[in-house]
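Structure first, then comments.
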Amino acid sequence: MSTTQINKPVIGITIGDINSIGAEIIIKTFMDARMMEFCTPVIFASNKTINFYRKLMNENNFNYQSIKDFTRLNHKQVNVYNCWEEEVQITPGVLNETGGKYAARALEAAINCLKDGYITGLVTAPIHKNNIQSETFNYTGHTPYLRDSFNAKDVLMFMTADNMRVGLLTEHVPLADVAKYVTKENILGKLHLMRDSLVKDFGVDQPRIAVLGLNPHAGDDGLIGREEIEHIAPAIRHAKGNGILCFGPYSADAFFAREMFKQFDGVLAMYHDQGLIPFKSLASGNGINYTAGLGIVRTSPDHGTAFDIAGKNLADPDSFRQAIFACLEILEQRERYAENTRNPLKKTELASE
């Protein structure tokens with residue numbers, strides 16, 4: 001085996017909900033043999049699950065190697081890491097307990113392999129936030145679960161595409177509860193995470209960050225809510241005083257309608273739909289979800305389980321493919337940043353004669 005093959009990043013891929021489109025978009029992505037030039041993929045699932053969808057899609061030319069440990073890793077082929085051996089009933093398009101149970105099992109196995117250094121990065125297929133709930137998974141999604149799994153103080157749900165990057169102050173929070181999370185402290189924490197990620201993960205030396213308001217018209221000077229005056233604007237001033245180039249608060253509707261996002265390297269939205277509706281509308285299917293703030297690199301497609309088309313061979317793999325490439329690019333950029341900052345020149349003063 002050549003050194004080039006061995007040195008390819010080993011990317012772990014979780015199957016997601018086994019009744020969703022996860023297996024389909026994974027198979028469609030890696031049916032293109034050119035993907036093997038960039039990475040060594042390891043799918044965390046089971047042979048039987050992959051075989052079920054391969055036959056359902058009539059893609060018998062999709063080949064893989066089954067492994068139970070990483071001593072048999074094949075750098076020339078797709079690898080399937082068997083997370084379970086038992087017979088499991090797969091019912092495409094059906095939301096049930098089984099789909100969530102095995103999605104969690106695959107995710108747990110992948111995280112353990114990340115911690116042990118067997119895989120270099122992680123790309124997750126979609127889960128359903130309701131049926132995955134259990135005693136060991138009491139979270140609203142991948143992002144907080146990964147935060148706790150890797151003991152991170154905080155993380156940022158960071159939606160990225162070629163034309164924009166949008167981070168969220170709050171993620172999967174009921175709209176009625178969003179305002180209580182809009183605090184100066186929380187905003188500052190997310191701004192620091194975004195700035196650091198833009199520098200280390202995306203190679204932006206002096207990132208410019210826009211901050212959206214919470215209320216319509218960014219509060220209209222307090223007429224339509226005071227969060228902008230009492231929390232958001234003070235956070236922006238404080239961040240600027242600490243070297244973060246951030247601006248706002250901006251009225252969200254005008255900000256995206258006037259394409260002001262093109263003037264910034266990142267945008268901090270206050271809540272889920274405020275950021276994701278314009279992002280998904282403008283990213284044209286090429287957006288991905290990145291978890292900033294972790295010691296490891298994790299990406300995912302910007303869509304959900306799509307039970308309505310599961311099992312019908314209709315799922316578009318573009319976003320998942322972009323998630324693979326984004327994972328690889330961020331891993332490379334992190335290495336570049338580490339190399340560039342490993343031995344910085346120390347400032348010295350010329351001794352006066």
| said: If I take atom CD1 from residue Ile132 and atom CG from residue Leu107, how far apart are they, to the nearest 0.5 angstrom? | reply: 6.5 Å
| task | Examine the side chains of Thr305 and Asp17 and answer whether a donor and an acceptor come within less than 3.5 Å of each other. | result | no
| request: Could you verify whether a donor N or O on one side chain and an acceptor N or O on the other, from Asp201 and Tyr290, lie under 3.5 Å apart? | output: yes
| query | Would you say Gln274's side chain and Leu212's backbone share a donor-acceptor pair under 3.5 angstrom? | reply | no
| request: Show the numbers, then the answer: is there a side-chain hydrogen bond (donor to acceptor under 3.5 Å, both in side chains) between Arg321 and Thr29? | output: CA-CA 6 Å; Arg321 187 182 299 111; Thr29 295; 5.0 Å; no
| note | Smallest heavy-atom separation, Val173 atom then Thr170 atom, equals CG2-CB, 4.0 Å
| message | Does Asn242, at its CG atom, have more than 12 non-hydrogen atoms belonging to other residues, nucleotides or ligands within less than 6.0 Å? | response | yes
| task | List the steps and the verdict of side-chain contact (heavy atoms from CB on, under 4.5 Å) for Met157 and Met159. | result | CA-CA 7 Å; Met157 185 173 175; Met159 311 299 296; 4.0 Å; yes
| Can you list the steps and then say if Met270 with Val211 is a side-chain contact (heavy atoms from CB on, under 4.5 Å)? | CA-CA 8 Å; Met270 294 296 105; Val211 182; 3.9 Å; yes
| task | Check the side chains of Tyr81 and Asp69 for a donor-acceptor pair under 3.5 angstrom, ignoring hydrogens and angles. | result | no
| Interatomic distance, Thr291 atom OG1 to Glu171 atom CD [nearest 0.5 angstrom] | 8.5 Å
| request: Indicate yes or no for a side-chain donor-acceptor contact from Thr120 to the backbone of Val10 under 3.5 Å, with no hydrogens or angles considered. | output: yes
| side-chain contact (heavy atoms from CB on, under 4.5 Å) between Lys240 and Cys246: does it pass, once the steps are laid out? | CA-CA 6 Å; Lys240 281 184 176 178; Cys246 57; 4.1 Å; yes
| request: Kindly say whether Asp308 contributes a backbone atom to a donor-acceptor pair with the side chain of Lys312 at under 3.5 angstrom? | output: yes
| task | Verify the neighbour count for atom CD of Glu86: are there more than 12 heavy atoms of other residues, nucleotides or ligands below 6.0 Å? | result | yes
| said: Ignoring hydrogens and geometry beyond distance, is a side-chain donor-acceptor pair present between Thr40 and Asn79 at under 3.5 Å? | reply: no
| task | Only one of Leu276, Val267, Leu282 passes side chain to side chain contact (heavy atoms under 4.5 Å, CB included) with Val166; say which it is. | result | Val267
| query | How many angstroms lie between CG in Asn61 and CZ in Arg54, if you round to the nearest 0.5 Å? | reply | 9.0 Å
| query | Just by modelled atom types, is the Gly219 backbone N or O under 3.5 Å from a matching donor or acceptor in the His217 side chain? | reply | no
| query | Taking 4.0 angstrom as the limit, do Lys190 and Asp154 come out as a salt bridge? | reply | yes
| Residues, nucleotides or ligands: over 12 heavy atoms within 6.0 Å of Glu97 CD | no
| Quick check: are there more than 12 heavy atoms from other residues, nucleotides or ligands sitting under 6.0 Å from CG of Asp221? | no
| Can any side-chain N or O of Gln133 pair as donor or acceptor with the backbone N or O of Lys129 at less than 3.5 Å? | yes
| request: Please step through side-chain contact (heavy atoms from CB on, under 4.5 Å) for the pair Lys76 and Met36, ending with a clear verdict. | output: CA-CA 7 Å; Lys76 296 181 179 180; Met36 301 302 303; 5.8 Å; no
| field | Verify same cluster id: Ile11, Tyr118 (apolar side-chain graph, 4.5 Å) | value | no
| message | I'd like to know whether Asn74 forms a side-chain hydrogen bond (donor to acceptor under 3.5 Å, both in side chains) with Tyr64, so could you lay out the CA-CA distance, the side-chain angles of the two residues, the decisive distance to 0.1 Å, and finally the verdict. | response | CA-CA 9 Å; Asn74 188 337; Tyr64 65 89; over 6 Å; no
| About how many Å separate NZ of Lys200 and CZ of Arg195, when rounded to the nearest 0.5 Å? | 8.5 Å
| query | Any side-chain donor-acceptor pair under 3.5 Å between Asn63 and Gln77? | reply | no
| message | Are Ile67 and Ile50 connected into the same hydrophobic cluster when the rule is that any two of I, L, V, M, F, W, Y join if their side-chain heavy atoms are below 4.5 Å apart? | response | no
| Under-4.0 Å salt bridge between Arg342 and Glu339 | yes
| field | Nearest atoms (heavy-atom pairs only) where Ile15 meets Ala106 | value | CG2-CB, 4.0 Å
| request: Can you establish whether the number of heavy atoms outside Arg336 located under 6.0 Å from its atom CZ is more than 12? | output: yes
| said: Hydrogens and angles aside, do Ser319 and Asp302 bring a side-chain donor and acceptor to less than 3.5 Å of each other? | reply: yes
| For Asn138, does the CG atom sit with more than 12 other heavy atoms under 6.0 Å from it, leaving out its own atoms? | no
| said: Testing the basics here: between Arg34 and Asp32, what is the closest heavy-atom pair and its distance to 0.1 Å? | reply: NH2-OD2, 2.8 Å
| Is there a donor-acceptor contact under 3.5 Å from the side chain of Ser281 to the main chain of Ile277? | yes
| query | So Asn286 and Asp162, side-chain hydrogen bond (donor to acceptor under 3.5 Å, both in side chains) or not? Walk me through it. | reply | CA-CA 8 Å; Asn286 293 316; Asp162 290 338; 5.5 Å; no
| query | What about the rings of Phe38 and Phe325, do their centers lie closer together than 6.0 Å? | reply | yes
| message | Are Ile187 and Leu156 connected into the same hydrophobic cluster when the rule is that any two of I, L, V, M, F, W, Y join if their side-chain heavy atoms are below 4.5 Å apart? | response | yes
| Hey, would you say the Phe137 and Tyr145 ring centroids sit under 6.0 Å apart? | yes
| remark: Gln333 and Phe202 have their tightest heavy-atom pair at CG-N, 3.8 Å
| query | Can you name the one residue among Ile324, Ile26, Val297 that meets side chain to side chain contact (heavy atoms under 4.5 Å, CB included) with Val123? | reply | Ile324
| query | Among the clusters formed by ILVMFWY side chains lying less than 4.5 Å apart, do Ile18 and Phe62 turn up in the same one? | reply | yes
| message | Taking CG in Asn60 as the centre, count heavy atoms belonging to other residues, nucleotides or ligands within less than 6.0 Å. Is the count above 12? | response | yes
| query | So which heavy atom on Ala323 is nearest to which on Pro301, and how close? | reply | CB-N, 3.9 Å
| message | With rounding to the nearest 0.5 angstrom, report the CZ to OG distance, Arg105 to Ser134. | response | 11.0 Å
| field | Donor-acceptor contact present, side-chain Lys184 to main-chain Ile232, <3.5 Å | value | no
| said: Tell me whether the count of non-hydrogen atoms from other residues, nucleotides or ligands lying under 6.0 Å of CZ in Phe247 goes above 12. | reply: yes
| Lys28/Glu24 salt bridge by N-O under 4.0 Å criterion | yes
| Do Asn19 and Asn96 have a side chain donor and acceptor closer than 3.5 Å? | yes
| Asp177 and Tyr271: side-chain donor and acceptor closer than 3.5 Å? | no
| field | Interatomic spacing from OG1 in Thr143 to CG in Asp148 - rounded to 0.5 Å | value | 11.5 Å
| query | Salt-bridged, Glu329 to Arg334, with N to O below 4.0 Å? | reply | no
| field | Closest approach of Asp316 to His303 (non-hydrogen atoms, all atoms of both residues) | value | O-NE2, 4.5 Å
| message | Hydrophobic cluster membership, with links at side-chain heavy-atom distances under 4.5 Å among I/L/V/M/F/W/Y: are Phe307 and Leu56 in one? | response | no
